[in-house]
Amino acid sequence: MSFEESIARLEQIVRALESGKTTLEEAMKLYEEGVGLVRTCSGTLESAKQKVITLSAGGNADDE
């Protein structure tokens, strides 16, 4: 799943949870999925940040 797809899925999860129309069991599953997506997206962003720092410093991002 791409970063953009993950963000879109997170938005769906937030809307579903905010609607109040999910059962507790469904809400817990959605929450668990959302936490996993947040961790994945955070890792992707951190990796991109490090690449930008490396490139800005004049290094080669492929050296990592």
Side-chain angles (χ1 to χ4, degrees):
M1 180 180 297
S2 72
F3 178 80
E4 292 78 9
E5 291 169 331
S6 295
I7 294 296
R9 179 61 183 144
L10 274 169
E11 290 171 349
Q12 290 174 342
I13 289 170
V14 168
R15 282 193 298 276
L17 291 172
E18 287 180 342
S19 76
K21 296 179 181 178
T22 59
T23 65
L24 179 58
E25 186 176 326
E26 290 169 332
M28 292 302 297
K29 286 180 182 180
L30 288 171
Y31 181 79
E32 185 177 355
E33 180 184 355
V35 168
L37 288 169
V38 166
R39 288 182 181 146
T40 298
C41 288
S42 292
T44 301
L45 287 174
E46 185 60 32
S47 177
K49 176 183 169 185
Q50 291 305 316
K51 261 188 193 176
V52 169
I53 290 168
T54 300
L55 291 170
S56 296
N60 185 347
D62 293 333
D63 289 342
E64 291 181 35

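Start at 1 with the first residue, then count along the sequence. This structure is a prediction, so every number in the text was calculated from the model and none was measured.
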Taking [Y] as the starting point, is it possible to reach [X] by hopping between hydrophobic residues whose side chains are less than 4.5 Å apart?
| X | Y | value |
| --- | --- | --- |
| V35 | I7 | no |
| F3 | I13 | yes |
| L45 | V14 | no |

Distance-only donor-acceptor pairs under 3.5 Å for side chains of residues 18-27, two or more places apart:
| unit_1 | atom_1 | unit_2 | atom_2 | d |
| --- | --- | --- | --- | --- |
| S19 | OG | A16 | O | 2.7 |
| S19 | OG | K21 | N | 3.1 |
| T23 | OG1 | E26 | N | 3.1 |
| T23 | OG1 | E26 | OE1 | 3.4 |
| E26 | OE1 | T23 | N | 2.9 |

(message) How long is the straight-line distance from CG of L37 back to CG of L10, given to the nearest 0.5 Å?
(response)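 Going from the CG atom of L10 to the CG atom of L37 covers 4.5 Å.
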(request) Please round to the nearest 0.5 Å and tell me the distance separating atom CD of E4 and atom SG of C41. (result)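 Answer for the CD-SG pair, E4 versus C41, is 9.0 Å.
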(message) Once side chain to side chain donor-acceptor pair (under 3.5 Å) is applied, what residue pairs with a partner in residues 32-46 remain, sequence neighbours excluded?
(response) R9-E33, E46-Q50
(message) For Y31, is the OH atom crowded, meaning more than 12 foreign heavy atoms sit under 6.0 Å from it?
(response) no
(request) Inspect the surroundings of CE in M28 and state if more than 12 heavy atoms from other residues, nucleotides or ligands are less than 6.0 Å away. (result) no
